[in-house]
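Below is one structure, written out as structure tokens, with a few remarks after it.
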Amino acid sequence: MALVDLLTLAEEKPELKSKVYRELLELGLSTPDYCYLCGRCSGGCTSMRLLELKPHEIAALARDGFIEELVGSEIIWACAQCLQCRERCPQGVSPVDIILKLRSIAVSRGAELPEELSKMMMSILDTGLIQEPREVVGRSGRKYTREALRLPPAPRPKDMAAFSEALMSTLEVVLGGV
Ligand code: SF4
Ligand code: SF4
């Protein structure tokens, strides 16, 4: 459902907003209350073309308590997590962390991950990498592997089983009790 439709059905959920605020404070970030809508975050957003709403508008909606509506929207999956908004905010507000909190709530409620994100998660669980290293194309059109560029192999966890177990436990803690 489009966010604009969800907003017309909006219900205030102060406990959910308090939870998101508490978790942002635990990360040492400012809450969206400190946002004065300067737009610096949106000016550097990598996903601007994908986002139905700009990062500063997401922060404003979170501040106004539309957490439930944002959680149910596809918007939260469009962010590329480039962290520009966190870097650029003069107030210590981090739209990307607000988005990640909203994703956690959505997943804990059984929301299906977008296909690309699912593939990335499976790859991390299997190999410790979001994807296997790819060849890069030089100016001449020739392809180069890491080895050809004399780069060391991409570092991976030494004990994959222990790594996967730790990651799953962390996810359970992060997603638990939402
Ligand atoms: S982290 Fe997401 S919301 Fe923030 S600037 Fe990057 S793409 Fe945009
Ligand atoms: S950069 Fe920070 S203060 Fe400015 S609009 Fe974005 S979140 Fe708000």
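Read the numbers this way: they start at 1 and go in the same order the structure lists the ligands and their atoms.
- Between the side chain of Arg146 and the backbone N or O of Leu151 there is no donor-acceptor pair closer than 3.5 Å.
- Within 6.0 Å of atom CD in Glu132, more than 12 heavy atoms from other residues, nucleotides or ligands are found, so the atom counts as buried in its surroundings.
- No more than 12 heavy-atom neighbours from other residues, nucleotides or ligands sit within 6.0 angstrom of CZ on Arg142.
- Proximity of Tyr34 to ligand 2, defined as any heavy-atom pair under 4.0 Å, is not found for any part of the residue.
- Distances shorter than 4.0 angstrom occur between a heavy atom of Pro90 and an atom of ligand 2.
- Nearest protein neighbour of atom 8 (Fe) of ligand 1, counting heavy atoms only, is Cys45 SG, 2.3 Å.
- Under a 4.0 Å criterion applied to the non-hydrogen atoms of Ser47, ligand 1 contributes the atoms 7 (S).
- Below 4.0 Å from some heavy atom of Leu37 lie the following atoms of ligand 2, by number and element: 5 (S), 8 (Fe).
- Here Ile99 contributes atom CD1 and Ser94 contributes atom OG; the two are 8.5 Å apart, rounded to the nearest 0.5 Å.
- Counting heavy-atom neighbours within 6.0 Å of Glu165 CD, excluding the residue itself, gives a total of 12 or less.
- Residue contacts to atom 6 (Fe) of ligand 1: Cys82 brings an N, O or S atom closer than 2.8 Å.
- One of the N, O or S atoms belonging to Cys89 lies under 2.8 Å away from atom 2 (Fe) of ligand 2.
- For Arg109 and Glu68, the salt-bridge test passes: some basic side-chain N is under 4.0 Å from an acidic carboxylate O.
- In this structure, Ser118 OG and Glu112 CD are separated by 7.5 Å, a value rounded to the nearest 0.5 Å.
- Close approach of ligand 2 to Tyr36 (heavy-atom distance below 4.0 Å) involves ligand atoms 3 (S).
- Protein heavy atom in closest approach to atom 3 (S) of ligand 1: Pro55 CG, 3.7 Å.
- Protein heavy atom in closest approach to atom 4 (Fe) of ligand 1: Cys85 SG, 2.3 Å.
- In this structure, the separation between CG on Asp126 and CZ on Arg156 is 11.0 Å, given to the nearest 0.5 Å.
- In this structure, of Leu53, Leu83, Ile98, Ile58, the residue bringing a heavy atom nearest to atom 1 (S) of ligand 1 is Leu83.
- The option with the heavy atom closest to atom 5 (S) of ligand 2, from among Gly44, Gly92, Pro32, Gly39, is Gly39.
- Scanning all protein heavy atoms for the shortest distance to atom 2 (Fe) of ligand 1 gives Cys79 SG, 2.3 Å.
- Of all atoms in ligand 1, listed by their number and element, those nearer than 4.0 Å to a heavy atom of Ala80 are 2 (Fe), 7 (S).
- Looking at atom 6 (Fe) of ligand 2, its nearest protein heavy atom turns out to be Cys41 SG, 2.3 Å.
- The number of heavy atoms from other shown groups lying within 6.0 Å of OH (Tyr144) is above 12.
- Under the 4.0 Å criterion applied to side-chain N and carboxylate O atoms, Lys19 and Glu23 are assigned as salt-bridge partners.
- Applying the 4.0 Å criterion to heavy atoms of Val96 picks out, from ligand 1, the atoms 1 (S).
- Those atoms of ligand 1 with a heavy atom of Gln81 less than 4.0 angstrom away are 1 (S), 2 (Fe).
- In this structure, Tyr21 OH and Leu29 CG are separated by 12.5 Å, a value rounded to the nearest 0.5 Å.
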